[in-house]
Peer 1: 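Below is a structure I'd like to ask you about.
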Protein chains: 2
Amino acid sequence: MGVSLKDVALRAGVSVKTVSNVVNDYPHVRAGTRDRVQRAIDELGYRPNATARQLRTGRSGIIALAVPELGNPYFADLATAVIDAAAHHAHTVLLDHTAGLRANETLVSQGFRSHLIDGLILSPIHLEREDLLHRPARPPLVLLGEREYDAPFDHIAIDNVAAARLAVRHLLGLGRRRIAFVGARRDSRRQPAHLRLRGWREELLAAGRTPREDLVIATDGYDRLDGAVAMTRLLDLPEPPDAVFAYNDLVALGALRVLAERGVKVPEQVAVVGFDDIEDGRYGAVTLTTIAPDKAAIARLAVDRLIARIEAAPERTPPPPRRILPGHTLVVRESTAGRAPHRT
Amino acid sequence: MGVSLKDVALRAGVSVKTVSNVVNDYPHVRAGTRDRVQRAIDELGYRPNATARQLRTGRSGIIALAVPELGNPYFADLATAVIDAAAHHAHTVLLDHTAGLRANETLVSQGFRSHLIDGLILSPIHLEREDLLHRPARPPLVLLGEREYDAPFDHIAIDNVAAARLAVRHLLGLGRRRIAFVGARRDSRRQPAHLRLRGWREELLAAGRTPREDLVIATDGYDRLDGAVAMTRLLDLPEPPDAVFAYNDLVALGALRVLAERGVKVPEQVAVVGFDDIEDGRYGAVTLTTIAPDKAAIARLAVDRLIARIEAAPERTPPPPRRILPGHTLVVRESTAGRAPHRT
DNA sequence: CTGAAAGCGCTTACAG
DNA sequence: CTGAAAGCGCTTACAG
C-alpha cells in the first residue's frame, strides 16, 4: 500500500538502516548519501509509519487528557492549552471526558487504551485514593484539579484554599456580612469542593466572623442550573445573603440569571464571585468577578512534568512526585464592583 | 515488558493463533480451550497491544476531529457528541484545533498524523477547494459546517440558508423592519458565513423588503468581542436597527452585553437572534433566541459516515460522497419574546 | 560511515 | 477446531 523504508532504500541503493538514519536525523551520514536518500524520499513521497515506529520504540507521541466535560469552558480552555503545550513537545492529545463519574475516572486512570498513549493527564472529580492504588507504573500519570490524594503522583493545582480566601476577603472588604458558599456536596464524605469551602470558612474565622452553615448550599453538580437552583433557595431564605461565593463561574452565572429574573440588584443587594475566569463571565449584562487560575501555566507544567516522566530512563529511579502550585489572581468586575456609568 | 500473546499461549499450552482467536471472539473455539486460555489471560493480566494490532490490520481505532476552537461552546458540545458517537463504534477521538487558519486546516486535511488515524472529521473555516484537491484517498474525510466545496467528500451540515430564513422570518413576524446581520467578512471573496447571509437576504426579499447592506456588519472573527464591537457600531448609526441576526451565539452574546451597557431594552428596542444554541444563551440576564442545530445528529451522521468509509473494502468502489442535512429548530427566548413577569 | 538481521506483538492465509 | 510461519514497517545492537 504505502511506501516503506525498504522501497526508499531500494531506490537510493542503500540499506534501510541508512534511510532510517536520514529520516531520524542521525548525524553521522555522509552528505552525498544523505542527498541521494532524501531525493528518493521526495520522489516516492515516503512518510514514516508512526505505528511501526511505536511498536519498536514503545512510544506513540500521544498523551491523553481526561476532563469531566468539555462543555465547561474552563475545561475547554484547559484542553486547548494542553494541546498547545503538547505540540511544543511534538505530542498529540487524545481527549477523553469522564462526566466526573468515579467509574470512568477509575477506568481511565487504570490504563484504558494505555497501549496507545505515552502518558495521561487526569482531572478527577469523584475518584478516590483507593482507585489509584493498584495502578501500573506505566503510562505515567499527572493529576490536575482540586482533589488531593495521598498517592505518588504529580499534582498540578492552584492553591484553592488561598484563592477562596482571597475571594471571601474581597467580599468582606466590600462590607458584606452574609456571604454564602454555593457548590458544596450533599454527601458529606465526598467533598470535591472541600478546599474552596475550607477557604471560605478560614477567611470568615480570620475576620472574627462565625461561618453560617445555613449559607453553605449543596448542589448536585457544578453547572449553571445548579447555581440557579441554589440561588433560588438562598433568595427564599428569611434573611437572604448579601454576597455569594460560587464554586465556579458556571454556578455563579446560574445564580446571576436568577438574580436578574427576580430583579435583585447586583452588586448592590447581592455581590457575586465565581471561580475559573471563563469568557462568558466577561460578557454578561453584569460581568463576573472571579478567581483566575493561570490555565496556561497549569497546562504547561502538567505537560512538562508528564513528558519528563515519559522520557525518564526506566532503569533509573524516577524523580519523586510533586505538588506544583501555579498562580491565580482575583479579577474584579461588575458583579462586585458595580458598573461604570453608561457611555452615551 | 508487558505480557504478550506468546506468554499466554505458553501458559495455556496452545498456539498464539488460538489465543488470538479467543481474544477476538472468533466463534469456532472449543469451550474447554476457550476457558483454559481465558484463565491464562486473567492470571497473567494480559491485555492486547493495540499498536501491534494496528500495524497488522492498518487500523488504529482512532479518528481525528479538527475544529476551529474548543473555546467556542458549540465546538466543545460537538466534540463531546463526536466522542460519544465514536465510542459507539469502539473508536477514540484525537482532537485538533485549527484556530480556523487555512494553513492548519490544509495541513490536517492533507493527512498530518495520518498513520495514527483511521479517519478525519474536519470543520473548516478558511479552507479552500484547491487545498482539498490533491488529498490522498486515505484516511477518509468527512466535512462539517457551513462551508461547501465542490469536492468529493461527505459533508454534514444543517440547511444554513433555511435556518437563517427562519430566524429572519421570526424577526419580521415581530414587526421588525431594520434587521441587521452581524458576522459577514470584510474580504468579499472569502465568505464563510455566506449561507446565513444569503438566508437573511432571501427572506427579506421574499417579504418584499430591500436588504439594507449598511446593516450587514463585517467582523474579524466570530467571538463575543466581535459581536460587541459590531453592536457598538450599529448603535452609533444615525438610525440603529431594531433587530440583530448574529452569525452565532457568541457574537449575539457580545451584542447583548453592549445593549445592556448602553441601557437599550431587549427585545423592546432591539431584538436579537443567535445561532448554535450554546448553553450560555440560556442563562444570561436576557436569554437568547437562537437556531438550534441538531448537534447529536450531526455528530452521529458524521461518525457513521466516516466509519462506513473506513470499513469499506478497498477493492470495491466506495459509495459516492453525499451532502447530509441534519435538522434544526428555532428556540424562542427572551431576546425576542421578552421576559415573563418576575416571580416574587 | 554503512549493512545484514533480529525482533517489537500482533493477524491471517495456509495446512492439517 | 488448531498449529507453524510469514510479515506489517520500523529501530537498533552487532559487525565491519
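Within every chain, numbering begins at 1; the chains are lettered A, B, ... in the order of the sequence lines, protein sequences first and strands thereafter. What you see is a predicted model, and the numbers here were worked out from it, not measured in a lab.
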Peer 1: Please report the interatomic distance CG(B:L78) to CD1(B:I278), rounded to the nearest 0.5 Å.
Peer 2: 13.0 Å

Peer 1: What integer distance in Å separates B:L5:CG from D:dA5:C1'?
Peer 2: 15 Å

Peer 1: Distances for protein N/O vs nucleotides 1-3 of chain C N/O pairs under 3.5 angstrom?
Peer 2:
{"unit_1": "C:dC1", "atom_1": "OP2", "unit_2": "A:H28", "atom_2": "ND1", "d": "3.1"}
{"unit_1": "C:dT2", "atom_1": "OP1", "unit_2": "A:T33", "atom_2": "OG1", "d": "2.4"}
{"unit_1": "C:dT2", "atom_1": "OP2", "unit_2": "A:R30", "atom_2": "N", "d": "3.2"}
{"unit_1": "C:dG3", "atom_1": "OP2", "unit_2": "A:S15", "atom_2": "N", "d": "2.9"}
{"unit_1": "C:dG3", "atom_1": "OP2", "unit_2": "A:S15", "atom_2": "OG", "d": "2.9"}
{"unit_1": "C:dG3", "atom_1": "OP2", "unit_2": "A:T18", "atom_2": "OG1", "d": "2.5"}

Peer 1: For B:R323, which residues count as a side-chain hydrogen bond (donor to acceptor under 3.5 Å, both in side chains) partner, sequence neighbours excluded?
Peer 2: B:E148

Peer 1: Compare every heavy atom of A:L95 with every heavy atom of B:I83, then report the nearest pair and how far apart it is.
Peer 2: CD1-O, 3.9 Å

Peer 1: Nearest whole Å is fine: how far is D:dG9 P from B:R56 CZ?
Peer 2: 10 Å

Peer 1: Check the distance between D:dG9's P and B:Q54's CD and give it to me in whole angstrom.
Peer 2: 12 Å

Peer 1: Kindly say if B:S20 contacts the phosphate of C:dT11, meaning a side-chain N or O under 4.0 Å from OP1 or OP2.
Peer 2: yes

Peer 1: In whole Å, I'd like the distance from the CG atom of B:L44 to the P atom of C:dG9.
Peer 2: 14 Å

Peer 1: Could you give the CG-to-P distance, from A:D25 to D:dT11, as a whole number of Å?
Peer 2: 12 Å

Peer 1: Please report, to 0.1 Å, the donor-acceptor pairs under 3.5 Å made by any side chain of residues 33-40 of chain B, with sequence neighbours excluded.
Peer 2:
{"unit_1": "B:R34", "atom_1": "NH2", "unit_2": "B:Y26", "atom_2": "O", "d": "3.2"}
{"unit_1": "B:R36", "atom_1": "NH1", "unit_2": "B:A12", "atom_2": "O", "d": "2.9"}
{"unit_1": "B:Q38", "atom_1": "NE2", "unit_2": "B:D42", "atom_2": "OD1", "d": "3.2"}

Peer 1: Establish, from distance only, whether the side-chain atoms of B:H89 and B:D304 form a donor-acceptor pair under 3.5 Å.
Peer 2: yes

Peer 1: Using the rule given for side chain to side chain contact (heavy atoms under 4.5 Å, CB included), can you reason through A:V303 versus A:I121, listing the C-alpha separation, both sets of side-chain angles and the distance that settles it, and then say yes or no?
Peer 2: CA-CA 8 Å; A:V303 170; A:I121 299 174; 4.0 Å; yes

Peer 1: Measure CZ/A:R53 against P/C:dC8 and give the value in whole Å, please.
Peer 2: 19 Å

Peer 1: So what's the dot-bracket for DNA chain C: Watson-Crick or G-U pairs under 3.5 Å, [ ] if a pair crosses, | if it pairs off-strand?
Peer 2: |||.||||||||.|||

Peer 1: Suppose the criterion is salt bridge (charged side-chain N to carboxylate O under 4.0 Å, His left out): which pairs have a residue in residues 54-75 of chain A, not counting sequence neighbours?
Peer 2: A:R59-A:D118, A:R59-A:E311

Peer 1: Mind calculating the distance between CZ (B:R59) and P (C:dT12) to the nearest angstrom?
Peer 2: 11 Å

Peer 1: Write out all pairs satisfying salt bridge (charged side-chain N to carboxylate O under 4.0 Å, His left out) with one or both partners inside residues 17-30 of chain B, taking only residues at least two apart or from two chains.
Peer 2: none

Peer 1: Starting at NZ of B:K6 and ending at P of D:dA5, how long is that distance when rounded to a whole Å?
Peer 2: 13 Å

Peer 1: Testing the 3.5 Å rule here: is there a donor-acceptor pair between the side chains of B:H97 and B:N104?
Peer 2: no

Peer 1: For a quick test of reading the model: is some side-chain N or O of A:N49 closer than 4.0 Å to OP1 or OP2 of D:dC8?
Peer 2: no

Peer 1: D:dT11, C:dT11, D:dG9: which one has an atom nearest the side-chain heavy atoms of B:N24?
Peer 2: C:dT11

